[in-house]
Asks: 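Take a look at this one; I'll ask things after.
When a residue number appears, it is its place in the shown sequence, counting from 1. Quick caveat, the model's predicted, so the values are computed rather than measured.
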Amino acid sequence: QVQLVESGGGLVQAGGSLRLSCAASGLTLRWYGMGWFRQAPGKEREFVAAIAWSGSSTNYADSVKGRFTISRDNVKNTVYLQMNSLRPEDTAVYYCAAVKFGSGSFRHNDYDSWGQGTQVTVSS
């Protein structure tokens, strides 16, 4: 059974940094495309970043390009989201998602396994 567990969220001031982790179990991470999505109160879930199963390509939402970096460690079965220059509008619950042989899609319907999420709050 695939399980994804996010961690690393918290409260940070605008301009600060956080690194989110997504620990995967029940799967061999190197075969999976991974994505990060977020959902703010009263808003739709939105794409943040994704990395293809091969690790050869990444994909970012325009709102986070140049500030966020997605990476993977297939030995540790963990995916990371490094978030720099955080803004109050980045406040949301961040979710990790996985799909076998995924190419780094921005569409949430393309993913079939999801974590429970971790809260990120950025104060102004």
Asks: Within the distance-only criterion (no hydrogens, no angle test), does the side chain of Glu6 pair as donor or acceptor with the backbone N or O of Gln116 below 3.5 angstrom?
Replies: yes
Asks: Parallel, tilted or perpendicular for Phe101 and Trp53, by the 30°/60° rule?
Replies: perpendicular
Asks: Mind checking whether Arg38 and Asp90 have side chains closer than 4.5 Å, heavy atoms only?
Replies: yes
Asks: Would you give the length of the straight line joining atom OG1 of Thr58 to atom CZ of Phe68, rounded to the nearest 0.5 angstrom?
Replies: 14.0 Å
Asks: Report yes or no: does Thr91 contribute a side-chain atom to a donor-acceptor pair with the main-chain N or O of Val122 at less than 3.5 Å?
Replies: yes
Asks: Do you see a donor-acceptor pair shorter than 3.5 Å between the side chains of Asp73 and Thr78?
Replies: no
Asks: Are Val93 and Val120 linked, directly or through other ILVMFWY residues, by side chains that come within less than 4.5 angstrom of each other?
Replies: no
Asks: Quick one: are Gln82 and Ser17 in side-chain contact, heavy atoms under 4.5 Å?
Replies: yes
Asks: Checking the side chain of Asn59 only, and the main-chain atoms of Ala49 only, is there a donor and an acceptor separated by less than 3.5 Å?
Replies: no
Asks: How close do Ala50 and Ser105 get, heavy atom to heavy atom, and via which atoms?
Replies: CB-O, 3.6 Å
Asks: Distance check, rounded to the nearest 0.5 Å: Gln39 atom CD versus Gln119 atom CD?
Replies: 11.0 Å
Asks: Any heavy-atom pair between the side chains of Glu46 and Phe106 that's under 4.5 Å?
Replies: no
Asks: How many angstroms lie between CZ in Arg30 and OG in Ser54, if you round to the nearest 0.5 Å?
Replies: 12.5 Å
Asks: Within a strict 4.5 Å, meaning less than it, do heavy atoms of the Leu81 and Thr69 side chains meet?
Replies: no
Asks: Applying a strict under-4.5 Å side-chain criterion to I, L, V, M, F, W and Y, I'd like to know whether Ile51 and Val5 cluster together.
Replies: no
Asks: So how far is it from Cys96 SG to Met34 CE, rounded to the nearest 0.5 Å?
Replies: 3.5 Å
Asks: Hydrophobic clustering (ILVMFWY, side-chain heavy atoms < 4.5 Å, transitive) - are Trp114 and Val48 grouped together?
Replies: no
Asks: Same hydrophobic cluster for Leu27 and Trp31, using side-chain heavy-atom links shorter than 4.5 Å among ILVMFWY?
Replies: yes
Asks: Okay, side chain of Arg72, backbone of Ala52: is any donor-acceptor separation there less than 3.5 Å?
Replies: yes
Asks: Below 4.5 Å, heavy atoms only, C-beta onward: do Trp36 and Ile70 meet side chain to side chain?
Replies: yes
Asks: Taking the six-membered ring for Trp and the full ring for Phe, Tyr or His, determine whether the centres of Tyr95 and Phe37 are under 6.0 Å apart.
Replies: no
Asks: So, Tyr80 and Arg19: side-chain donor and acceptor under 3.5 Å apart, yes or no?
Replies: no
Asks: Of all the heavy-atom pairs spanning Ala40 and Ala92, show the shortest one and how long it is.
Replies: N-CB, 3.8 Å
Asks: Roughly how far, to the nearest 0.5 Å, is CZ of Arg67 from CZ of Arg87?
Replies: 4.0 Å
Asks: Quick one: do Asp110 and Arg107 make a salt bridge, cutoff under 4.0 Å?
Replies: yes
Asks: Answer yes or no: is there an ion pair linking Asp112 with Lys100, defined by an N-O contact shorter than 4.0 Å?
Replies: no
Asks: Could you tell me the separation between the OG atom of Ser25 and the CG atom of Leu4, rounded to the nearest 0.5 Å?
Replies: 7.5 Å
Asks: Determine, using the 4.5 Å side-chain heavy-atom cutoff (strictly less than), whether Tyr111 and Val79 are members of one ILVMFWY cluster.
Replies: no
Asks: Is there side-chain contact between Thr118 and Leu20, with at least one heavy-atom pair below 4.5 Å?
Replies: yes
